[in-house]
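What follows is a set of notes on a single structure, which appears directly below.
Keep in mind it's a predicted model, so treat the numbers as computed, not measured. Labels below follow one simple rule: chain letters A, B, ... track the order of the sequence lines, proteins then strands, and each chain is numbered from 1.
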Amino acid sequence: MREKIVLIDGHSILNRAFYGVPDLTNAEGLHTNAIYGFLNILFKILDEEQPEYLTVTFDVHAPTFRHEMYPEYKGTRKPMAEELRQQVPVIKEVLQAMNIATIEKAGLEADDLLGTISHSCEEKGMDVAIISGDRDTLQLATEHVKIRIPKTKQGRTEIEDYFASDVKEKYGVTPTEFIDVKALMGDTADNIPGVPGIGEKTATKIIVEYGNIENAHEHVSELKPPRASKNLDEFWDQAVLSKTLATIDIHADVPFDLEAARHGNMYTKEAHDYFQRLQFKNLLGRFDVEADSNDVEEYFKEITEKAEIEQVFAEAMKAKLVGVGISEDAGNVLPLFAHESGYGRISLAYDREKIYTIPADMEVTMDYLFGKLTELAKKVDTFVLCNLKKYLSLISVEKEEHCFDPILAAYLLNPLKNDYDFEDIAREQLNLIIDEKADEKTKSCYEAYTAFASVEILKKKLDETKMKKLFDEIEMPLLFTLYDMEHAGVKIEADALKTYGEQLGSKIVELEKNIYDKAGEVFNINSPKQLGVILFEKMGLPNGKKTKTGYSTAADVLDKLAPDYPIVSEILEYRQLTKLKSTYADGLAGFIQTDGRIHGTFNQTITATGRISSTEPNLQNIPIRTELGRLLRKVFVPEEGYVFVDADYSQIELRILAHCSGDEQLIQAYREARDIHRITASQVFHIPFDEVTDLQRRNAKAVNFGIVYGISSFGLSQDLSITRKEAAQYIENYFQTYPGIKTFLDESVENAKEHGYAVTLYGRRRPVPELKSSNFMQRSFGERVAMNAPIQGTAADIMKIAMIGVNRELKKRNMKSRLILQVHDELLIEAYQDEVEEVQTILKDQMEHAAELKVPLIVDMHNGNNWYEAK
DNA sequence: GTCCTCACG
DNA sequence: ACGTACGTGAGGACC
């Protein structure tokens with residue numbers, strides 16, 4: 001059996017990975033995509049090859065003999081992107097931690113290292129696999145040396161393999177001849193000149209016939225085409241030089257120690273730590289956690305005897321800090337508002353050595369256990385539970401301020417993650433890896449232990465990042481407010497909703513008929529692909545924008561065509577109606593529960609900026625902008641004996657901008673103005689307030705919005721359908737009128753660049769790793785984010801403060817009225833008829849005084865018997 | 001699972 | 001030259 005060595009061309013694979021894997025960053029803001037891609041390729045190769053030896057080669061950035069011969073060598077290469085450069089030293093450290101040999105030598109290129117090691121290993125009777133993204137290495141292929149070139153296709157890595165025979169098959173020349181082909185055709189990437197007028201085709205033909213350039217030169221007069229003949233003669237010196245440059249040295253002086261390259265255990269503690277730090281979650285699964293199990297598991301104990309359970313609870317009640325884990329019985333969804341709480345288990349951790357898990361059974365029911373947890377939450381100083389809101393229907397909490405939800409803390413510390421679970425917190429805060437295959441008992445204990453042990457660390461981090469107050473005074477209290485809102489839900493007139501849907505349905509059928517008629521065939525109007533073909537190919541309409549996959553049929557494109565083509569108007573109407581029917585009429589109907597109400601979910605850990613989001617269903621995007629859509633709001637009604645009171649902040653984001661920038665003009669405008677957009681128009685266009693035209697006002701309004709979004713002339717020009725130049729002029733005028741805003745936005749970007757994150761008035765942070773990107777588009781995005789996040793985030797903070805205040809007042813005064821919806825700058829209260837005035841006072845007071853800014857916060861309020869009327 | 005489209009602030 | 005406005009969630013098509 002021949003032994004095998006795998007040789008990896010480090011820089012080349014890292015480079016491939018960098019361009020093939022979407023941008024990733026870890027919590028420190030370090031880019032990790034190339035490292036991640038590299039490791040994936042590494043693991044795949046090792047799984048396939050099972051080699052005895054392994055080495056990764058790297059280039060040192062030092063001149064090589066090729067530069068001495070030809071200073072322009074590799075001269076045209078672009079410098080490495082910063083995001084890639086920073087990953088190079090890290091991958092070297094990671095490889096070292098994995099006991100993988102690396103080799104680099106000043107004055108030698110990776111190719112020469114690969115060639116020399118490969119050659120010497122083959123001579124020792126070994127098989128060699130060279131992994132490189134660079135086709136130059138194909139010249140090294142032999143019967144025993146296999147060149148493997150990974151390619152990323154749609155996220156999957158496929159590898160092309162080349163032995164000598166495969167090179168011949170694919171390129172028509174042997175690996176050795178491959179060098180001569182390159183000498184003739186040159187290589188712009190490496191700045192190898194080659195012979196002018198000879199490309200790949202001619203070069204291959206010549207070498208196939210003559211075997212090498214020397215022999216070709218001897219028969220130079222016979223070469224075809226005549227151009228090749230003439231130029232090879234004329235540029236013969238250049239051809240010889242090119243051949244030398246193109247030839248990989250297989251006899252270089254390389255300090256290679258085969259024994260040091262022996263492939264051993266990669267899954268070390270150090271490597272594990274690196275993977276954790278880099279947040280390569282799915283690669284961590286490769287580490288054998290069983291063998292290196294966490295010490296804490298010693299103290300995990302399942303208890304089933306009622307007496308012992310009682311005793312454990314009694315002991316826990318005396319503790320200061322208790323971590324809790326709750327597991328639902330597999331396959332059994334925990335009913336949120338039901339009393340039969342199903343089967344599952346709860347776990348408690350109230351000391352590093354006191355970690356218990358208790359399965360529910362016929363005697364020790366979940367109801368009993370939740371009762372105990374309720375008692376516990378009352379007694380202990382700190383009651384810690386992940387996703388607390390989810391369990392508040394089962395655990396009644398009296399002392400809200402004694403609760404701690406680690407999930408919310410983790411969100412504040414890094415709001416960019418897709419999801420937050422206790423396994424992540426265990427890993428990130430406690431350096432604890434929980435085996436995915438662990439049993440339910442063990443997992444539940446870990447959940448309780450993680451809750452218990454992470455509090456101190458999370459609090460410290462919140463302190464260090466100056467977000468403790470934000471956590472204690474906004475996020476934690478808000479959790480309870482949101483629970484109350486979800487629990488209350490909103491009443492829907494199911495019958496009216498059904499009728500609305502049916503009316504849409506018949507109109508849709510009608511439109512369908514007309515559209516098929518005009519198109520001359522039946523097709524799926526909802527398929528952008530089919531629609532594009534019908535409109536832009538079959539009917540020959542002028543097509544504007546394109547998407548990655550075909551023609552764009554987006555509304556802004558169709559809007560432009562609608563005046564000239566009746567079918568387009570009908571398609572637009574069809575789109576609107578089907579949207580209303582599927583998402584809203586039919587969609588919402590599916591969420592109405594037996595109490596006649598929709599109990600959606602308000603998510604607190606989704607957005608990057610601190611806003612709340614709404615799901616199942618989304619109650620924050622109910623139509624309003626078109627009358628037909630707006631009618632839907634008539635089915636959102638208060639219960640008998642109640643009315644809706646709706647309150648929304650007037651231009652809260654612009655007011656925050658005025659406050660944060662301190663711009664005197666804007667502040668003054670807000671202190672006086674009824675109509676800020678008109679004032680803006682008047683000041684920006686230098687015309688008297690009363691003479692501002694509608695168009696001017698509309699433009700000023702768009703600029704105001706643009707400023708909040710992180711203005712760009714392109715974006716504004718799109719929005720207003722004007723040229724970029726005109727848009728740029730608007731912006732310049734705006735900044736001249738409000739110089740404080742220009743300064744503020746610039747400072748926001750500078751700040752975010754310096755610290756790596758944008759920050760709100762209340763200290764909420766939003767990391768902006770894109771600012772470090774070398775990619776213009778990415779970086780510009782980062783700049784806009786850095787301008788927008790403090791504004792949008794502060795607005796979210798203020799609204800959260802108001803919500804907590806409103807809810808607290810309603811409860812404190814034992815009112816029947818309740819807060820039921822939040823839509824970013826709007827609150828909806830279902831007010832008991834006798835309490836309407838009080839509710840209005842509370843809403844106005846709490847919302848307008850949630851923050852004291854340099855400009856007044858103004859709230860508009862309306863009552864109604866449905867949401868349509870109240871808005 | 002990803003893309004496109006579109007509903008909201 | 002690059003190809004965007006900021007922040008979301010849901011449905012339908014298509015792979």
Side-chain angles (χ1 to χ4, degrees), chain A residues 22 154-155 415 523-532 545-558 571-572 574-588 590-591 600-603 606-626 628-630 632-633 648-649 651-653 657 702-703 705-720 724 727 731 758 766 768 770 773-793 795-796 799 821-827 871:
Chain A
Q154 286 135 9
F523 65 102
N524 189 341
I525 310 169
N526 281 322
S527 162
K529 199 175 158 193
Q530 294 183 37
L531 181 62
K545 271 196 302 188
K546 285 213 164 184
T547 65
K548 274 174 231 157
T549 46
Y551 306 103
S552 170
T553 66
D556 59 335
V557 176
L558 298 191
I571 288 164
L572 284 167
Y574 172 88
R575 281 248 181 94
Q576 194 205 348
L577 267 50
T578 49
K579 173 87 179 180
L580 287 173
K581 182 160 165 57
S582 62
T583 306
Y584 298 106
D586 301 347
L588 287 178
F591 287 102
T601 304
F602 289 106
N603 310 293
I606 299 287
T607 70
T609 52
R611 275 188 175 182
I612 289 163
S613 96
S614 162
T615 48
E616 294 185 307
N618 183 353
L619 296 170
Q620 290 180 322
N621 71 346
I622 304 300
I624 192 165
R625 292 175 190 172
T626 67
L628 183 63
R630 192 173 195 151
L632 182 74
R633 296 187 170 223
D648 70 285
Y649 279 117
Q651 295 152 348
I652 185 169
E653 291 182 341
L657 182 64
V703 178
F705 268 99
I707 294 289
V708 171
Y709 292 157
I711 194 105
S712 75
S713 55
F714 189 91
L716 183 66
S717 70
Q718 285 286 299
D719 191 53
L720 287 176
R724 265 184 88 161
I731 294 167
R766 189 231 152 114
V768 195
E770 294 88 349
S773 174
S774 62
N775 177 300
F776 172 84
M777 209 195 68
Q778 287 273 309
R779 206 170 50 244
S780 305
F781 173 74
E783 288 168 2
R784 294 195 296 272
V785 162
M787 293 188 253
N788 171 265
I791 304 170
Q792 191 184 124
M799 179 50 113
L821 294 180
Q822 187 254 40
V823 193
H824 310 306
D825 64 354
E826 170 191 1
L827 293 179
K871 207 28 198 149

Separation between [atom1] of [X] and [atom2] of [Y], rounded to the nearest 0.5 Å:
X: A/Leu628; Y: A/Gln576; atom1: CG; atom2: CD; answer: 5.5 Å
X: A/Thr583; Y: A/Leu588; atom1: OG1; atom2: CG; answer: 9.0 Å
X: A/Asn788; Y: A/Arg766; atom1: CG; atom2: CZ; answer: 8.0 Å

_Stacking between A/Phe781 and C/dT4, defined as ring centres under 5.5 angstrom apart with planes under 30°, is that present or not?_
no
Remember a base hit wins even if backbone is also touched, and classify [X] as base, sugar-phosphate or nothing at under 4.0 Å, heavy atoms.
X: A/Ala796; result: nothing
X: A/Val708; result: nothing
X: A/Arg766; result: sugar-phosphate
X: A/Ala727; result: nothing
X: A/Gly710; result: nothing
X: A/Ala608; result: sugar-phosphate

Checking [Y] against [X]: is there a side-chain donor and acceptor pair closer than 3.5 Å?
X: A/Gln620; Y: A/Ser613; result: no
X: A/Ser614; Y: A/Asn603; result: no
X: A/Thr609; Y: A/Gln792; result: yes

What integer distance in Å separates [X]:[atom1] from [N]:[atom2]?
X: A/Ile606; N: C/dA10; atom1: CD1; atom2: C1'; answer: 14 Å
X: A/Tyr584; N: C/dG11; atom1: OH; atom2: P; answer: 10 Å
X: A/Leu580; N: B/dC8; atom1: CG; atom2: C1'; answer: 13 Å
X: A/Asn603; N: B/dG9; atom1: CG; atom2: C1'; answer: 16 Å
X: A/Leu827; N: B/dG9; atom1: CG; atom2: C1'; answer: 13 Å
X: A/Tyr574; N: C/dG11; atom1: OH; atom2: P; answer: 16 Å
X: A/Glu770; N: C/dC6; atom1: CD; atom2: C1'; answer: 13 Å
X: A/Lys579; N: B/dC4; atom1: NZ; atom2: P; answer: 15 Å

Candidates [options] - which lies nearest the side chain of [X]:
X: A/Asn621; options: C/dT4, C/dG7, C/dG9; value: C/dG9
X: A/Glu616; options: C/dG7, B/dA7, C/dA10; value: C/dA10
X: A/Ser712; options: C/dG3, B/dC8, C/dT4; value: C/dT4
X: A/Gln792; options: C/dC6, C/dG11, C/dT4; value: C/dC6
X: A/Thr583; options: B/dC6, C/dG11, C/dC6; value: C/dG11
X: A/Asp719; options: C/dG9, B/dC8, C/dA5; value: C/dA5
X: A/Arg633; options: C/dA13, C/dT8, B/dC8; value: B/dC8
X: A/Asn618; options: C/dG7, C/dA10, B/dC6; value: C/dA10
X: A/Pro623; options: C/dT8, B/dT5, B/dC8; value: B/dC8
X: A/Ile624; options: C/dA5, C/dG12, B/dC8; value: B/dC8

*Pairing nucleotide - B/dT2, Watson-Crick or G-U, each distance under 3.5 Å*: C/dA13
How far, in whole Å, is [M] from [N] if one measures between their [atom1] atoms?
N: B/dC3; M: C/dA5; atom1: P; answer: 16 Å
N: B/dA7; M: C/dG3; atom1: C1'; answer: 25 Å
N: B/dC4; M: C/dT4; atom1: P; answer: 11 Å

Any [X] side-chain nitrogen or oxygen under 4.0 Å from OP1 or OP2 of [N]:
X: A/Ser613; N: C/dG9; answer: yes
X: A/Thr553; N: B/dT5; answer: yes
X: A/Ser780; N: C/dC2; answer: no
X: A/Arg575; N: B/dC6; answer: yes
X: A/Asn524; N: C/dA13; answer: yes
X: A/Arg611; N: C/dC6; answer: no
X: A/Gln530; N: C/dC14; answer: yes
X: A/Lys529; N: C/dG12; answer: no

*Looking only at N and O atoms, is any donor in the side chain of A/Arg625 or the base of B/dG9 less than 3.5 Å from an acceptor on the other one?*
yes
_Heavy atoms of other groups near A/Phe705 CZ, more than 12 under 6.0 Å_ = no
*asked:* Using modelled atom types and a 3.5 Å cut-off, is there a donor and acceptor pairing between side-chain atoms of A/Gln822 and backbone atoms of A/Leu827?
replied: no
